[in-house]
Amino acid sequence: MSVSDKEKDEIEKSSAPLMEHLIELRRRLIWSLGGFFVAFLVCFFFAKRLFNLLVVPFKWATKWAGLDPHKVELIYTAPQEFFFTQVKLAMFGGMVIAFPLIATQIYKFIAPGLYKNERNAFLPFLIASPILFVMGASLVYFFFTPMVMWFFLAMQQVGTDDQVQISLLPKVSEYLSLIMTLIFSFGLVFQLPVVTSLMTRVGILSSKALAEKRKWAIVIAFIVAAVLTPPDPMSQIGLAIPTILLYEVSIWAARWIERDQEKQRVAREKQDAGETVADKTPDEPPAPAAS
């Protein structure tokens, strides 16, 4: 079956923008991967210092438990365990550091396909997302990790004539997995206002629907907390409560967005009505000539 010249022209016209998009996508991927790789190398170079920084909440918990924080000890039971722990830490840190660059590259790739008002609406969420993630990570570092480690330290047993000595000696890989899980879980949950606000702005959600589903949201918050956090009640409750509070913030943000959209709609209707009246107004008759 032969292809006509007209069909060939249409194929060539459609393939040119496709190639441009693929080239643009490749450029954005190179920038994103390059930024992540540089951040990974920097974090791997300082991996031991970063790990010592992450152990500080453990020292706080030791002090809360009435123990000597200078005697905090972590172990590794395989020769390669601490090396791969540093690699994992560098990857996690590299992703966190490179996230603003990666998000910017994603925005630059999709921005040409958006209207100006859509770009202006999307940009604040691009800025708010890393800020909320840092807030969640800070809450983990300064409060929940010490609280969880204090809970585990309280289970230690002092050796006597009737009972054996049971001490907490966490492995470096397990401690890093614990704190990374908490940081990821809280950082993800703190994106709730961003996600719900975007869905409200595009018309998928409404403040009324969010308020009506509040009871279900509370149940789901505890289920998600049980899945994302370690199996201890302290971290589960500690994640569920901020999730519920953030859900209330999401309802307030949705109402604010709806009021703003209503104001814009009324302003557009007034502007359209004014233009319609101006179009229907007859031209003034010419002034009579002076005699």
Trainee: Hey, what do you get for CH2 (W256) to OG (S207), rounding to the nearest 0.5 Å?
Mentor: 13.5 Å
Trainee: Looking at every non-hydrogen atom in both residues, tell me the closest pair between G35 and L101 and how far apart they are.
Mentor: CA-CD2, 3.6 Å
Trainee: With a 4.5 Å cut-off on side-chain heavy atoms, are L139 and M135 touching?
Mentor: no
Trainee: Would a single hydrophobic cluster contain both L245 and V195, if residues Ile, Leu, Val, Met, Phe, Trp and Tyr are joined by side-chain heavy-atom contacts under 4.5 Å?
Mentor: no
Trainee: So, for L178 and M149, which heavy atoms are closest and what is the spacing to 0.1 Å?
Mentor: CD2-SD, 3.6 Å
Trainee: Parallel, tilted or perpendicular: which fits the ring planes of F44 and F40, with parallel below 30° and perpendicular above 60°?
Mentor: parallel
Trainee: So do the side chains of P146 and F58 get within less than 4.5 Å of each other, counting heavy atoms only?
Mentor: no
Trainee: When you measure from the side chain of T145 to the backbone of V140, do you find a donor-acceptor pair of N or O atoms at a distance under 3.5 Å?
Mentor: yes
Trainee: Using modelled atom types and a 3.5 Å cut-off, is there a donor and acceptor pairing between side-chain atoms of Q105 and backbone atoms of W31?
Mentor: no
Trainee: Would you say the ring centers of F186 and F144 fall short of 6.0 Å from each other?
Mentor: yes
Trainee: So K88 and M180, side chain to side chain contact (heavy atoms under 4.5 Å, CB included) or not? Walk me through it.
Mentor: CA-CA 10 Å; K88 186 186 296 185; M180 283 175 53; 4.0 Å; yes
Trainee: Which atom names give the shortest non-hydrogen contact between E81 and V172, and what distance separates them?
Mentor: OE2-CG2, 4.0 Å
Trainee: Compare all side-chain heavy atoms of W60 with those of F142 and state whether any distance is below 4.5 angstrom.
Mentor: yes
Trainee: Going hydrophobic residue to hydrophobic residue with side-chain gaps under 4.5 angstrom, can you get from M155 over to L74?
Mentor: yes
Trainee: Should we count CZ of F184 as having more than 12 external heavy atoms under 6.0 Å?
Mentor: no
Trainee: Do V72 and K59 come within less than 4.5 Å of each other through their side chains, counting heavy atoms only?
Mentor: yes
Trainee: Taking only residues two or more places apart in sequence or in another chain, which ones pass salt bridge (Lys or Arg N to Asp or Glu O under 4.0 Å) with R265?
Mentor: E262, E269
Trainee: With clusters defined by side-chain heavy atoms of hydrophobic residues (ILVMFWY) lying less than 4.5 Å apart, directly or transitively, does I75 cluster with L168?
Mentor: no
Trainee: For the pair Y175 and F51, name the ring-plane relationship: parallel under 30°, tilted 30 to 60°, perpendicular over 60°.
Mentor: perpendicular
Trainee: Just wondering, more than 12 heavy atoms not from M91 lying within 6.0 Å of its CE?
Mentor: no
Trainee: Which is it for S167 and Q157 under the side chain to side chain contact (heavy atoms under 4.5 Å, CB included) test, yes or no, and what are the steps along the way?
Mentor: CA-CA 7 Å; S167 302; Q157 181 173 284; over 6 Å; no
Trainee: Listing request: all side chain to side chain donor-acceptor pair (under 3.5 Å) pairs with a residue in residues 183-199, at least two apart in sequence or in separate chains.
Mentor: S129-Q191, T196-S250
Trainee: Could you pull out all residues at least two apart from A137 that satisfy side-chain contact (heavy atoms from CB on, under 4.5 Å)?
Mentor: I183
Trainee: Pair I251, R255 - check side chain to side chain contact (heavy atoms under 4.5 Å, CB included), show working.
Mentor: CA-CA 6 Å; I251 296 175; R255 288 172 180 169; 3.7 Å; yes
Trainee: Using 0.5 Å steps for rounding, measure from the CG atom of L132 to the CG atom of L188.
Mentor: 12.0 Å
Trainee: Minimum heavy-atom separation for Y141 to L54, with atom names?
Mentor: CE1-CA, 4.2 Å
Trainee: Within the structure provided, determine whether L246 and V189 are in side-chain contact (heavy-atom separation under 4.5 Å).
Mentor: yes
Trainee: Only counting residues at least two apart or in another chain, list the ones meeting side-chain hydrogen bond (donor to acceptor under 3.5 Å, both in side chains) with Q80.
Mentor: none
Trainee: Taking atom OG of S206 and atom CE of M199, what is their separation to the nearest 0.5 Å?
Mentor: 10.5 Å
Trainee: V87 vs F83, test: side chain to side chain contact (heavy atoms under 4.5 Å, CB included). Steps then yes/no.
Mentor: CA-CA 6 Å; V87 172; F83 171 77; 3.9 Å; yes
Trainee: Fit a plane to each ring of Y76 and F82, take the angle between them on a 0 to 90° scale, and name the class: parallel (under 30°), tilted (30 to 60°) or perpendicular (over 60°).
Mentor: parallel
Trainee: Keeping the roles fixed (side chain from E24, backbone from E20), state whether a donor-acceptor pair exists under 3.5 Å.
Mentor: no
Trainee: Please check if F151 and F222 belong to a single hydrophobic cluster, counting links between Ile, Leu, Val, Met, Phe, Trp and Tyr side chain heavy atoms closer than 4.5 Å.
Mentor: no
Trainee: Taking all atoms of both residues into account, what is the closest heavy-atom pair of A240 and A225, and its distance?
Mentor: N-CB, 3.9 Å
Trainee: Throw together a table of side-chain donor-acceptor distances under 3.5 angstrom for residues 209-217, partners on residues two or more places apart or in other chains.
Mentor:
from : atom 1 : to   : atom 2 : distance (Å)
R214 : NE     : E248 : OE2    : 2.6
R214 : NH1    : A211 : O      : 3.4
R214 : NH2    : E248 : OE1    : 3.4

Trainee: How long is the straight-line distance from CD1 of I110 back to CD1 of I106, given to the nearest 0.5 Å?
Mentor: 7.5 Å
Trainee: Can you find a pair of side-chain heavy atoms, one from Q86 and one from K48, that are under 4.5 Å apart?
Mentor: yes
Trainee: Is I97 reachable from L89 through a run of hydrophobic residues whose side-chain heavy atoms are each under 4.5 Å from the next?
Mentor: no
Trainee: Do F84 and S173 have side-chain heavy atoms sitting under 4.5 Å apart?
Mentor: no
Trainee: Report the distance from atom CG of L192 to atom OH of Y247, rounding to the nearest 0.5 Å.
Mentor: 8.0 Å
Trainee: For N52, give me all partners under side-chain hydrogen bond (donor to acceptor under 3.5 Å, both in side chains), at least two apart in sequence or on another chain.
Mentor: none
Trainee: Hey, what do you get for CG (L198) to CZ (R201), rounding to the nearest 0.5 Å?
Mentor: 8.0 Å
Trainee: Give me the atom names and distance for the closest heavy-atom approach of A65 to W150.
Mentor: N-CD1, 3.7 Å
Trainee: Any non-hydrogen side-chain atom of T200 less than 4.5 Å from a side-chain atom of E258?
Mentor: yes
